[in-house]
Amino acid sequence: MDGRIHSIESMGLVDGPGIRTVVFLKGCALRCAYCHNPDTWTMEGATIMSPEDVYKKVSRFKPYFESSGGGITFSGGDPLLQPEFLIKTLKLCKEGGIHTTIDTSGYGIGRYEEILKYTDLVMLDIKHVNKEGYINLTGQNGDETYKFLEACQRCGTKLWIRHVVVPGITDSIEHLDALVDIIKGIKNVEKVELLPYHTLAMDKYKNLGMKYSLEGIEAMDKDKCRELEKYVLNKLC
């Protein structure tokens with residue numbers, strides 16, 4: 001039942017609505033080429049905390065949550081890899097009147113509908129638009145993401161869809177048209193965001209003695225990324 005925690009950050013402004021406390025859990029099934037938190041991939045080096053420990057820590061920020069429409073966001077790694085801990089902690093937060101969000105790629109180990117009982121919002125990162133692209137970018141084929149997405153649809157969970165735009169990989173109009181087709185088939189989508197690929201994690205990889213597989217690819221121009229996001233949003237209208 002205890003959680004394997006990487007870190008907890010308060011006063012987050014980009015991890016869901018309002019001011020949020022973000023709990024980063026350890027463990028991820030994907031090996032995304034552009035991941036900026038490779039130190040969360042394994043359970044090694046985790047801080048062990050109980051659901052009650054986490055709730056006690058985040059509940060101190062309830063006045064900020066209430067004044068801003070914020071709450072708690074579970075991120076990672078991928079929080080879906082720790083379902084027992086996640087369910088218990090989400091339940092405590094809901095009982096305490098705290099808005100709950102999961103930031104995930106959809107790669108867990110099941111119990112999705114029970115998790116979603118206590119989840120107000122899912123921020124789902126769709127990595128690619130086809131299996132070959134998923135494998136090349138993450139090492140997995142994308143099937144589990146769509147299993148989780150199906151559970152979100154059954155539960156009627158609100159969704160924010162996110163997609164990282166990498167130059168030469170996920171920035172073509174053909175690619176984005178395919179993404180639009182996927183999103184059109186999803187219910188309860190409240191928001192769609194295109195996130196510009198950045199290279200800020202390269203030093204972290206070097207310090208960890210890890211190879212950065214996208215070395216040589218420049219960061220995505222933010223203005224161009226905004227233009228592509230407008231293109232996607234217009235196609236979804």
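Since we're looking at a predicted model, the values are computed, not measured.
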K.L.:
Walk me through whether H163 and D125 qualify under side chain to side chain donor-acceptor pair (under 3.5 Å).
P.N.:
CA-CA 6 Å; H163 188 68; D125 189 353; 5.2 Å; no
K.L.:
Take R4 and M49 through the test side-chain contact (heavy atoms from CB on, under 4.5 Å) and record every step on the way to the result.
P.N.:
CA-CA 7 Å; R4 273 59 182 167; M49 296 181 71; over 6 Å; no
K.L.:
Establish whether L149 and L81 are linked, either directly or via other cluster members, by ILVMFWY side-chain heavy-atom contacts under 4.5 Å.
P.N.:
no
K.L.:
Measure up the Y197 and Y212 rings against each other and bin them: parallel (under 30°), tilted (30 to 60°), perpendicular (over 60°).
P.N.:
parallel
K.L.:
Please give the remaining members of the hydrophobic cluster of W160, linking ILVMFWY side chains under 4.5 Å, ordered by chain and number.
P.N.:
L121, M123
K.L.:
Has K204 got more than 12 heavy atoms of other residues, nucleotides or ligands less than 6.0 Å from its NZ?
P.N.:
yes
K.L.:
Hey, what do you get for CZ (R31) to CD (Q140), rounding to the nearest 0.5 Å?
P.N.:
9.0 Å
K.L.:
Kindly check if the number of other-residue, nucleotide or ligand heavy atoms within 6.0 Å of CD (E218) is above 12?
P.N.:
no
K.L.:
Provide the closest heavy-atom pair for I217 versus T199 in the form atom of the first, atom of the second, distance.
P.N.:
O-CG2, 3.7 Å
K.L.:
So, taking the atom named CD1 in I161 and the one named CD1 in I183, what distance separates them when rounded to the nearest 0.5 Å?
P.N.:
6.0 Å
K.L.:
Could you check whether E113 pairs with R111 (Lys NZ or Arg NE/NH1/NH2 to Asp/Glu carboxylate O, under 4.0 Å)?
P.N.:
no
K.L.:
Which atoms form the tightest heavy-atom contact between L159 and C152, and what is the distance?
P.N.:
CD2-SG, 4.1 Å
K.L.:
Counting only heavy atoms not in E132, do more than 12 sit closer than 6.0 Å to its CD atom?
P.N.:
no
K.L.:
Of E144, E150, K147, which is the lone residue that meets side chain to side chain donor-acceptor pair (under 3.5 Å) with Y112?
P.N.:
E144
K.L.:
What's the spacing between S7 OG and F24 CZ if we round to 0.5 Å?
P.N.:
5.5 Å
K.L.:
What are the two closest non-hydrogen atoms of D2 and F85, and how far apart are they?
P.N.:
C-CD1, 3.7 Å
K.L.:
Rounded to the nearest 0.5 Å, what separation is found between the OG1 atom of T101 and the CZ atom of R20?
P.N.:
3.5 Å
K.L.:
Does the side chain to side chain donor-acceptor pair (under 3.5 Å) test come out yes or no for T104 and D78, once each step is laid out?
P.N.:
CA-CA 6 Å; T104 178; D78 200 309; 2.8 Å; yes
K.L.:
Between the main-chain N or O of V164 and the side-chain N or O of T170, is there a donor-acceptor pair closer than 3.5 Å?
P.N.:
yes
K.L.:
Rounded to the nearest 0.5 Å, how far apart are CG of L233 and NZ of K191?
P.N.:
10.5 Å
K.L.:
Taking everything shown except Y231 itself, do over 12 heavy atoms lie less than 6.0 Å from its OH?
P.N.:
yes
K.L.:
Which heavy atom of M210 sits nearest a heavy atom of P38, and at what distance?
P.N.:
CE-CB, 3.8 Å
K.L.:
Should the pair D120-K94 be classified as a salt bridge under the 4.0 Å nitrogen-to-oxygen rule?
P.N.:
yes
K.L.:
Within the side chain of T100, is there an N or O that forms a donor-acceptor pair under 3.5 Å with the backbone of Y118?
P.N.:
yes
K.L.:
Please confirm whether the backbone N or O of S105 pairs with a side-chain atom of T145, one donor and one acceptor, at under 3.5 Å?
P.N.:
yes
K.L.:
Would you say E44 has more than 12 foreign heavy atoms packed within less than 6.0 Å of its CD?
P.N.:
no
K.L.:
If you count the non-hydrogen atoms of other residues, nucleotides and ligands that lie under 6.0 Å from NZ in K158, is the total more than 12?
P.N.:
no
K.L.:
How close do G106 and F148 get, counting heavy atoms only, and between which atoms?
P.N.:
O-CB, 3.6 Å
K.L.:
Is the ring pair Y146/Y134 parallel, tilted or perpendicular, if the boundaries are 30 and 60 degrees?
P.N.:
perpendicular
K.L.:
Can you give me the closest heavy-atom contact between L228 and M220, atom names plus distance?
P.N.:
CD1-CE, 3.8 Å
K.L.:
Between K235 (side chain) and L176 (backbone), is there a donor-acceptor pair under 3.5 Å?
P.N.:
no
K.L.:
Within a strict 4.5 Å, meaning less than it, do heavy atoms of the R162 and V192 side chains meet?
P.N.:
no
K.L.:
Do L236 and L179 belong to the same hydrophobic cluster, where Ile, Leu, Val, Met, Phe, Trp and Tyr are linked whenever their side-chain heavy atoms lie under 4.5 Å apart, directly or via other members?
P.N.:
yes
K.L.:
Return the CD1 to CG distance between I72 and L90, rounded to the nearest 0.5 Å.
P.N.:
7.5 Å
K.L.:
Around atom CD of E95, are there more than 12 heavy atoms of other residues, nucleotides or ligands at under 6.0 Å?
P.N.:
yes
